[in-house]
Protein chains: 2
Amino acid sequence: MKRASVSDVSKRAGVSTATVSRVLNSPERVSAPTRERVLEAIQELNFVKSATAFSFKSQATKNILVAVNNVGNIFYSEIFEGLQRRANAHGYNIIIKSPDLEAGNDPIIEALRTGSVDGVITLDDYFPPPDDYALLREIYQGTPPIVGFAERPDYLPYPHVWIDNRAAARAMTKHMIDRGHTHIGHLPGPPGSAATAERKAGFMEAMSEAGLKVDPEDIYEGGFHRDVGRRVARRLARRQTMPTAVFCANDETAMGFISEMSTLGIAVPDDISVGGFDNNAFADVYVPALTTIAQPRGEIGVSAMDLLHDVMRDPTANRNKVVELKYRLASRLSVARLRPTPSKKKLKESAAAEKG
Amino acid sequence: MKRASVSDVSKRAGVSTATVSRVLNSPERVSAPTRERVLEAIQELNFVKSATAFSFKSQATKNILVAVNNVGNIFYSEIFEGLQRRANAHGYNIIIKSPDLEAGNDPIIEALRTGSVDGVITLDDYFPPPDDYALLREIYQGTPPIVGFAERPDYLPYPHVWIDNRAAARAMTKHMIDRGHTHIGHLPGPPGSAATAERKAGFMEAMSEAGLKVDPEDIYEGGFHRDVGRRVARRLARRQTMPTAVFCANDETAMGFISEMSTLGIAVPDDISVGGFDNNAFADVYVPALTTIAQPRGEIGVSAMDLLHDVMRDPTANRNKVVELKYRLASRLSVARLRPTPSKKKLKESAAAEKG
DNA sequence: GTCTAGCGTGTAATCGGTTTCATGCCTAGC
DNA sequence: GCTAGGCATGAAACCGATTACACGCTAGAC
């Protein structure tokens, strides 16, 4: 039992394939009796248009590539959700792909070259070889159907959606300063990333605006990973004077930091305050509930898909379109008002007292 | 500047399209000089095979549909990662989709009917209309190229990957019993889900094997959501005698529970032990680190994709294939050995003492 | 009564590859 | 010297839909 084709339907209904196609695409151009016969035949044969044949003929796949560095990063989950929902609304499918590091291939280049997708959304700093992209631009006469979130390479300034990382970092830092903290540490994220640079700049600006000095020792470069937070926690715990607050440029890092501090017997926020960035899926059920910058991830997905849709419909008009989305400071428990801190020694004593 | 076609290449090289196709697919059948000329022409014109034309001709899209109820659920992240990696290896793309509840359409039916994908992987209890599936089975002569994780509807018993939820739940319960707990509560998850039923059964089995009675009051049906955990926490805190341990059939629920308990001044694991299920992305950096059942999510993705690949290559031979993956009990801090619990009153006293 | 406009429908080309079949040439075997 | 077989290549069909163009018929205008 094979799928029925237009030709099968046309035979069954005693008409030409052209008429069947008209019934499907502009039924008002077909006389009522003929239309009826064709529709019956379609029913009887259980006919559905072949997606591949349609793509071939129309030169449009209805597929959108979503390229990310690591599909498994939970940061994307909600973005995927927004993308998917919106793609459905526009009649697209989303194909999600990460670069295969061993093979060294670039999914974006490949997909656009083979024409297996109509457009591309890239969600992070995705920096493959410029020369291939130069070629792409040539092919697409300056406007490949690409849309991004946040950072873009200079050689391919595609339309994009972003949030103001610098302002957000400034807001978090100010939040800490407002609560009495003057000695604040910062974990800015992986070197080389634009997000890192922006967030760090925001931190520095807020500190300098408040007339506070930043000891280079209090900046801990690293990556957006729990192990970075853990490592920094161990290092901090050994120092003579700890900062009273630490701003991690990523919730996962913050959680790694807090959890390690907890096993070292240092409590958040009683002994040290911690702020994060992302408002990841578990920031609100963390103990303590994490004060963080909420990125509107669902909306990022929705906006990116809508933007791409615009770009695909009118590439030149939307060539330079940029959509800024609002961040939000989610103030919860992990950043507390500064109180005279009990020394570590005192803490141990009280713990001992409780046991005894 | 448009993409070059086989025909363009053939003209440039002064050969027929058949020869170009041979160079691409079975180069050994073309004489060296001709082959050279064709390859040159391909280079010069920057020729790449059209994906749509190929799909059309070969009747294979190289696309795999991954159907889930909610793309945004972070539980899938790592599974997606495994699926993606393996799909790449087999030369497939993955299209990720959730049903559009308003439109009431079923992505699986639609995708298979239009032929826009070659196969389907479904990751949770995905129970759309049986009659449509009956039709699908007819079309595919009994073996639609579908593979699932865990639960399947009776009317479409596709090959699948699973973990033994019942045994895993039994293991967690036994772990609590081994640590001295006899009064254990259980949050089994959303009613109607097979996972819920299995995990609950495992819990009951372990309790009865240990000769322990389960008060129906200690079973809290709900869903895999933080709010369920929170609600149960509030309810428990009001009871005269709390269980000394609670087994939540999902980490998110466990975290909601723990975080609410924490704001109520009840500490985990000092006052009550909590076990989870999933080993989600943050279970290890939670405070306290969460004791849970680790599902091998990456491996689930890998196995499902490999299984689908087998099914697509030989549907009849793999019609009933089932792959069982191993769970693991991750014993961390949230389940502690039972100690004589301080009453809530005592706790408040000691807190007051600390302040004073 | 003739001419024309327009409606409904069919014929055939088209998209870009792959594949079957045919053809011409060369070589080896007798 | 003739033939069989094999190799390199080309011509054309094909996958399933859409669409430009052609055609015939009817109705309305003069």
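Letters A, B, ... are given to chains in the order of the sequence lines, protein chains preceding strands, and every chain is numbered from 1.
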Separation between OG1 of Thr52(A) and NZ of Lys62(B), rounded to the nearest 0.5 Å | 14.0 Å
Nearest whole angstrom, please: distance from the [atom2] of [N] to the [atom1] of [X].
X	N	atom1	atom2	result
Asp8(B)	dC15(C)	CG	C1'	13 Å
Arg12(A)	dG16(D)	CZ	P	18 Å
Lys11(B)	dT9(D)	NZ	C1'	18 Å
Glu28(B)	dA8(D)	CD	C1'	13 Å
Arg22(A)	dT9(C)	CZ	C1'	6 Å
Arg29(B)	dG6(D)	CZ	P	15 Å
Phe54(A)	dC15(C)	CZ	C1'	13 Å
Asn25(B)	dG16(C)	CG	P	17 Å

Does Ser16(B) make a side-chain N or O approach to OP1 or OP2 of dG10(D) shorter than 4.0 Å?
-> yes
Is the phosphate of dG16(D), meaning OP1 or OP2, less than 4.0 Å from a side-chain N or O of Ser50(A)?
-> no
Could you identify which residues of residues 56-65 of chain B place a heavy atom less than 4.0 Å from some atom of DNA chain D, listed by residue number, or say none?
-> Phe56(B), Lys57(B), Gln59(B)
Nucleic acid contacts of residues 111-118 of chain B, taken as heavy-atom distances under 4.0 Å to DNA chain D | none
Would you say that [X] contacts [Y] through its side chain, given a criterion of any heavy-atom pair below 4.5 Å between the two side chains?
X	Y	value
Arg313(A)	His309(A)	yes
His90(A)	Asp306(A)	yes
Leu112(A)	Tyr133(A)	no
Thr61(B)	Ser55(A)	no
Arg113(B)	Asn46(A)	yes

Counting N and O atoms only, with roles assigned by atom type, does the side chain of Ser98(A) sit under 3.5 Å from a partner on the main chain of Val71(A), one being a donor and the other an acceptor?
-> yes
Heavy-atom donor-acceptor pair, Ser26(A) side chain to Arg29(A) backbone, under 3.5 Å | no
Comparing Ala53(B) and Ala18(A) on DNA chain C - which has the more 5′ nearest nucleotide = Ala18(A)
How is Ser21(A) classified with respect to the nucleic acid when contacts are heavy atoms under 4.0 Å: base, sugar-phosphate, or nothing?
-> base
What does Val20(A) touch in the nucleic acid at a heavy-atom separation under 4.0 angstrom: a base, only the sugar-phosphate, or nothing?
-> nothing
Do Asp314(B) and Thr316(B) have a side chain donor and acceptor closer than 3.5 Å?
-> yes
Nearest-nucleotide wise, let me know which of Thr17(A) and Ser31(B) is further upstream toward the 5' end of DNA chain D.
-> Ser31(B)
Between Phe47(A) and Val30(B), the residue closer to the 5' end of DNA chain D by nearest nucleotide is Val30(B)
